[in-house]
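Both counts, for ligands and for their atoms, begin at 1 and track the order of listing.
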Amino acid sequence: MRAHAHPSRLVILGHPVAQSLSPIFQNAALADAGFAQRYTALDVAPNALAGTLRLLATENVGGNVTMPHKQAVFLAADRTSALAARVGSVNTFWHEDGALVGHNTDVAGILATLRALCPTGVRDAQCTLLGAGGSAAAVFVALDELGCRNIRVWARTASRAELVAERVRVNISVFENVEEAVQGSGLVINATPIGMLDNAVPIAPALLPPHAVVFDLVYRPGTTPWVRHARSQGLRADDGLRMLIEQGAEAFRTWFSAEPSTDIMWRAIDAHAVT
Ligand code: NAP
């Protein structure tokens with residue numbers, strides 16, 4: 001799905017949003033591609049979202065959406081892509097003749113990460129997702145697109161996992177015990193916030209099968225404790241930074257029908273990390 005006309009400028013809507021890395025790598029890609037548009041963070045409290053969206057429409061502003069607004073923007077959109085409708089959330093938007101159009105590029109970010117981590121595919125693998133919150137739907141859809149039919153979920157709130165899986169039409173098995181959930185899994189994905197702020201890990205890598213590949217949706221400077229531990233045990237592992245950049249690259253393509261430089265995006269993030 002592509003925007004019919006370039007947005008006048010770009011924003012990321014969130015609350016809080018000051019910590020977002022998106023302005024850093026999107027502005028670098030915009031400058032590199034010769035676009036005059038700039039990308040800024042816009043902190044919008046939930047009760048101000050509807051009014052903000054109306055104002056953005058009058059200026060033909062496009063952008064991204066992060067926590068806690070992805071579902072609200074999906075519900076507010078005049079039109080959505082089939083993918084956003086399946087996932088039930090919008091992380092990328094633009095306007096067409098004043099109408100709000102919503103799309104989801106989180107799935108593309110997850111697909112790009114899984115293709116890099118598992119070059120031979122996950123069709124025959126057993127995959128376990130840890131957590132069943134806002135990101136679970138995009139993970140299920142990405143696994144489904146890759147042909148994975150053996151999906152396990154470890155969720156604190158089992159009913160949440162079952163509801164999401166039913167909505168995106170994917171079969172899952174829910175486990176209460178994390179060690180049982182990962183038994184025999186070739187791919188283990190963390191979509192809980194564990195390890196975001198401290199050195200906790202969702203499950204000790206020593207308890208994972210020796211062939212397991214680890215994908216942590218969480219990212220933080222110098223990678224996450226789970227990815228660090230997994231790599232030190234010889235497991236292939238990556239954090240959520242590639243997903244972040246690849247969802248942003250796909251959003252850039254939808255706004256401008258142009259290819260951004262992901263090398264420039266990575267360099268902007270690296271430069272930011274050392275400042
Ligand atoms: P969310 O909607 O808050 O869901 C979090 C999930 O983790 C829920 O299932 C929650 O269970 C569970 N959980 C939270 N704390 C837990 C704990 N201590 N032990 C066990 N389970 C726990 O979050 P989300 O939007 O899905 O995002 C999940 C993570 O992915 C976040 O850290 C976020 O930063 C990251 N993320 C990264 C990207 C990226 O581009 N790389 C994009 C989106 C999200 P309950 O339902 O029981 O509360």
**Report entry** Cluster check V90, V87: I/L/V/M/F/W/Y, side chain < 4.5 angstrom
**Finding:**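 No, it is not one cluster - the side chains of V90 and V87 are not joined through contacts under 4.5 Å.
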Requested in this report: I would like to know whether N64 and T92 meet side-chain hydrogen bond (donor to acceptor under 3.5 Å, both in side chains); could you show each step before the answer?
Outcome: CA-CA 4 Å; N64 289 123; T92 299; 3.2 Å; yes
Report task. For the residue pair S261 and D263, confirm or rule out a side-chain donor-acceptor distance under 3.5 Å. Result ->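 Looking only at side-chain atoms, D263 and S261 do not form any donor-acceptor pair under 3.5 Å.
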Please say whether more than 12 non-hydrogen atoms of neighbouring residues, nucleotides or ligands are located less than 6.0 Å from [atom1] in [X].
X: R54; atom1: CZ; answer: no
X: N177; atom1: CG; answer: yes
X: Q37; atom1: CD; answer: yes

Query raised in the report: Any sub-3.5 Å donor-acceptor pair from T223's side-chain atoms to R228's backbone N or O?
Result: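 The answer is no, because no donor-acceptor pair under 3.5 Å joins these two groups.
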Query raised in the report: Got a donor-acceptor contact below 3.5 angstrom from the E96 side chain to the H4 backbone?
Result: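 At least one qualifying donor-acceptor pair exists.
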Nearest to [atom], what protein heavy atom do you find, and at what distance?
atom: atom 19 (N) of ligand 1; value: I194 CD1, 3.5 Å
atom: atom 5 (C) of ligand 1; value: A191 O, 3.8 Å
atom: atom 14 (C) of ligand 1; value: P193 CD, 3.3 Å
atom: atom 35 (C) of ligand 1; value: L217 O, 3.9 Å
atom: atom 4 (O) of ligand 1; value: G133 CA, 3.2 Å
atom: atom 29 (C) of ligand 1; value: T192 O, 3.8 Å
atom: atom 42 (C) of ligand 1; value: M243 CE, 3.5 Å
atom: atom 2 (O) of ligand 1; value: G134 N, 2.7 Å

Report task. May I ask whether atom 33 (C) of ligand 1 is less than 4.0 Å from at least one protein heavy atom? Result ->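 No.
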Just jot down the ligand 1 atoms closer than 4.0 angstrom to any heavy atom of [X], in number order.
X: M196; answer: 32 (O), 34 (O)
X: V218; answer: 32 (O)
X: G240; answer: 39 (C), 41 (N)
X: W154; answer: 20 (C)

Query raised in the report: side chain to side chain donor-acceptor pair (under 3.5 Å) with T224: which of N199, D216, D238?
Result: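 With T224 as partner, N199, D216, D238 yield a single side chain to side chain donor-acceptor pair (under 3.5 Å), made by D216.
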N/O to N/O below 3.5 Å, does that happen between [X] and ligand 1?
X: R156; answer: yes
X: A136; answer: no
X: Y219; answer: no

Donor-acceptor contacts, no H, no angles, side chain residues 119-127, under 3.5 Å, sequence neighbours left out:
from, atom 1, to, atom 2, distance (Å)
Q126, NE2, Q183, O, 2.7
Q126, NE2, S185, OG, 2.9

Query raised in the report: Measuring from the heavy atoms of Q247, does anything fall under 4.0 Å of ligand 1?
Result: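 It does not, in that no heavy atom of Q247 comes within the 4.0 Å cut-off of ligand 1.
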Query raised in the report: What do you reckon, does A132 put a non-hydrogen atom under 4.0 Å from ligand 1?
Result: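 So A132 counts as touching ligand 1.
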Requested in this report: From atom 25 (O) of ligand 1, work out which of A161, P202, S135, A158 has a heavy atom at the shortest distance.
Outcome: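 Residue with the shortest heavy-atom distance to the ligand atom: S135.
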Query - Identity of the nearest option to atom 8 (C) of ligand 1, non-hydrogen atoms only, from M67, R220, R160 - result: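 Considering heavy atoms of M67, R220, R160, the nearest to atom 8 (C) of ligand 1 sits in R160.
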Query raised in the report: How does F215 reach ligand 1, by side chain, by backbone, by both or by neither, if only non-hydrogen atoms under 4.0 Å count?
Result: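 The answer is neither; F215 stays 4.0 Å or more away.
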Query raised in the report: Does D144 come within less than 4.0 Å of R86, counting only side-chain N to carboxylate O?
Result: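 Between R86 and D144 there is a salt bridge, with a charged N closer than 4.0 Å to a carboxylate O.
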Query raised in the report: Going from OG on S135 to CD1 on I189, what distance comes out if it is rounded to the nearest 0.5 angstrom?
Result: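 So the OG of S135 and the CD1 of I189 are separated by 11.0 Å.
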Query raised in the report: What about F25 and H272, are their ring centers closer than 6.0 Å?
Result: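 No, they do not, as the ring centres are separated by 6.0 Å or more.
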